[in-house]
Amino acid sequence: MATDELKALEGQALAHLQQCADEAALREWSTKYLGEKGLWKAAFGKMNSLPKDQKAAFGQEANRVKTVLTEAYEKKRAEVKERELQASLTTNPLDVTLPGRPRPRGRLHPATQILREVYAIFADLGFQVYRTREVETDEMNFEFLNMPAHHPARDMWDTFFTTIPRVVLRTHTSPGQIHVMKEAAGKPIRVILPGMCYRNEAISTRSEIQFYQVEGLVVGEGVTMADLKGTITAFARRMFGPERQVRIRSSYFPFTEPSIEVDIDWPKEDPNRDRLTKGTGWLEIMGAGMVHPNVLRAGGYDPEKVTGFAFGMGPQRMLMLAHAIDDIRLFWQNDLRFLKQF
Ligand code: FA5
């Protein structure tokens, strides 16, 4: 009888299963009995050659055997797994009560943090962020900003020149003004332009050869100096708190007319106040002014129809104010004792 064969297979398989002691043996067993080319499949295949009246009984029996074998296999596998786990716990004990080792946590560089604060404040004032290149042509860094070759005002920026003639590292973010105007092509503008600037100057507590600036540019019909003062004051109050004082002085930049400089008072209680502010109590944080008609023209705008204001600030100088940091050189020295404080 064909069903006897199935029973014999069942007995043989179960006996064999008892001898399987690890995962590898179990896998072999499963292939041998239950695999695609296994013994159960082969036995089941014999159904075709049986007389009709025996087929149903044979089919039932075959399925029962398969269920029994599958369940026995799963049970055995769980046992083996558990045994292997126990064995690994005893031969390789792990003290789960030991406190974990703390991982050193990274953080954003203080300069990045203050830049993000500046972005957030200007975002609230409706400014978009626009990035431009750090390597500029002489034309963009100077000429389009109303400083033709040999203009004495070029001396205001100690420039790093590249080996390519008339290509410089930007000395300020102001050339970005021209890039924005050319791209906006006559539409109103309200952007900030953050980025790294480079100057070939003597390094001191207040000046680095590499530092961030955030430029601002607003162009449109009827933009006035009052808008500039309002924007700067709103910004300074958000950044430094309502108790800090803002001072606006008249100044000179070739690309703005009139031009101003903005100072902020340094906390009176700070013993470094005199040294940092050269005895004045004020620290300059930005230059600004109404965009010069020649600059508007260079950007493709008609100064008869639109006006604009621009400013350029040093976020690192502002961070020094906020945290009474007395040396700007600390920013790029990568001394963790300094960086960890932020
Ligand atoms: C300028 O660079 C003008 N482009 C700013 C401007 C933009 C004026 C738009 C008018 C309209 P100034 O050289 O003053 O100006 O630099 C602007 C700010 O950058 C300074 O107030 C200061 O905060 C920062 N800064 C300048 N030089 C350094 C330096 N060497 N190290 C750190 N911060 C600096």
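Indexing begins at 1, ligand by ligand and atom by atom, following the structure's order. All residue numbers in this chain count up from 1 along the given sequence.
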Q: Please report the shortest heavy-atom distance between R131 and P194, naming the atom on each side.
A: NH1-CG, 3.9 Å
Q: Does the separation of the ring centres of Y33 and H16 fall below 6.0 angstrom?
A: yes
Q: For atom 31 (N) of ligand 1, find the nearest protein heavy atom and state the residue, atom name and distance (0.1 Å precision).
A: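 Nearest protein contact, heavy atoms only, for atom 31 (N) of ligand 1 is E208 N, 3.1 Å.
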Q: Would you mind running through ligand 1 and noting each atom that sits below 4.0 Å from a heavy atom of A310?
A: 9 (C), 11 (C)
Q: Show the numbers, then the answer: is there a salt bridge (Lys or Arg N to Asp or Glu O under 4.0 Å) between D138 and R154?
A: CA-CA 11 Å; D138 178 277; R154 285 182 174 218; 2.9 Å; yes
Q: Yes or no on side chain to side chain donor-acceptor pair (under 3.5 Å) for Q113 and E117, after CA distance, side-chain angles and deciding distance?
A: CA-CA 6 Å; Q113 290 183 33; E117 265 177 66; over 6 Å; no
Q: Counting non-hydrogen protein atoms only, what is the nearest one to atom 24 (C) of ligand 1? Give residue, atom name and distance.
A: G314 CA, 3.7 Å
Q: Nearest protein heavy-atom contact for atom 5 (C) of ligand 1: which residue, which atom, what distance?
A: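 The closest heavy atom on the protein side is G312 CA, 3.9 Å.
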Q: In terms of residue, atom name and distance, what is the protein heavy atom nearest to atom 15 (O) of ligand 1?
A: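 Looking only at protein heavy atoms, the one closest to atom 15 (O) of ligand 1 is F253 CE2, 3.5 Å.
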Q: Provide, to 0.1 Å, the distance between atom 12 (P) of ligand 1 and the closest protein heavy atom, together with that atom's residue and name.
A: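 For atom 12 (P) of ligand 1, the nearest protein heavy atom comes out as R199 NH2, 3.8 Å.
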Q: Do Y130 and F255 share a hydrophobic cluster (ILVMFWY, side-chain heavy atoms under 4.5 Å, transitive)?
A: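 Y130 and F255: one cluster.
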Q: Just checking H323 against F342, ring centres under 6.0 Å apart?
A: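 Yes.
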Q: Measure up the F235 and F122 rings against each other and bin them: parallel (under 30°), tilted (30 to 60°), perpendicular (over 60°).
A: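 F235 vs F122 ring planes: parallel.
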Q: Relative to the ring of F142, is the ring of H172 parallel (under 30°), tilted (30 to 60°) or perpendicular (over 60°)?
A: tilted
Q: Report the C-alpha separation of E36 and K41 in whole Å, then their side-chain angles, then the decisive distance to 0.1 Å, and conclude whether the salt bridge (Lys or Arg N to Asp or Glu O under 4.0 Å) test is met.
A: CA-CA 7 Å; E36 272 304 305; K41 219 30 203 282; 3.4 Å; yes
Q: List ligand 1 atoms under 4.0 Å from S207, heavy atoms only on the residue side.
A: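 Within the 4.0 Å cut-off of S207, ligand 1 contributes 29 (C), 30 (N), 31 (N).
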Q: Based purely on interatomic distance, does T256 place a nitrogen or oxygen under 3.5 Å from a nitrogen or oxygen of ligand 1?
A: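 In fact, backbone or side chain, T256 has no N or O that close.
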Q: What protein heavy atom sits nearest atom 32 (C) of ligand 1, and how far away is it?
A: I328 CD1, 3.4 Å
Q: What protein heavy atom sits nearest atom 22 (C) of ligand 1, and how far away is it?
A: R317 NH1, 3.2 Å
Q: Name the residue from L115, L125, V214 that meets the side-chain contact (heavy atoms from CB on, under 4.5 Å) definition with I192.
A: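 For I192, the side-chain contact (heavy atoms from CB on, under 4.5 Å) test succeeds with only one of L115, L125, V214, which is V214.
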Q: Within a distance under 4.0 Å of any heavy atom of E201, pick out the atoms of ligand 1 and give their elements.
A: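 Those of ligand 1 that fall under 4.0 Å from E201 are 29 (C), 30 (N).
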Q: Taking 4.0 angstrom as the limit and counting only heavy atoms of E284, give me the atoms of ligand 1 inside it, by number and element.
A: 14 (O), 20 (C), 21 (O)
Q: Which part of F255 is near ligand 1, with near meaning a heavy atom under 4.0 Å away: side chain, backbone, both or neither?
A: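 The side chain, only.
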Q: For the ring pair W40 and Y73, is the centre-to-centre distance below 6.0 Å?
A: no
Q: W157: heavy atom below 4.0 Å from ligand 1, yes or no?
A: yes
Q: For atom 25 (N) of ligand 1, find the nearest protein heavy atom and state the residue, atom name and distance (0.1 Å precision).
A: F211 CE1, 3.6 Å
Q: Mind telling me whether F44 and F58 have parallel, tilted or perpendicular rings, with 30° and 60° as the class edges?
A: parallel
Q: As an exercise, identify every atom of ligand 1 less than 4.0 angstrom from a heavy atom of M286.
A: 21 (O)
Q: Under a 4.0 angstrom heavy-atom cut-off, which atoms of ligand 1 come close to Q177?
A: 9 (C)
Q: What are the atoms of ligand 1, with element, lying closer than 4.0 Å to any heavy atom of Q213?
A: 1 (C), 2 (O), 16 (O), 17 (C), 18 (C), 19 (O)
Q: Distance under 4.0 Å to a non-hydrogen atom of E215: what atoms of ligand 1 satisfy this?
A: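 Result: 7 (C), 9 (C).
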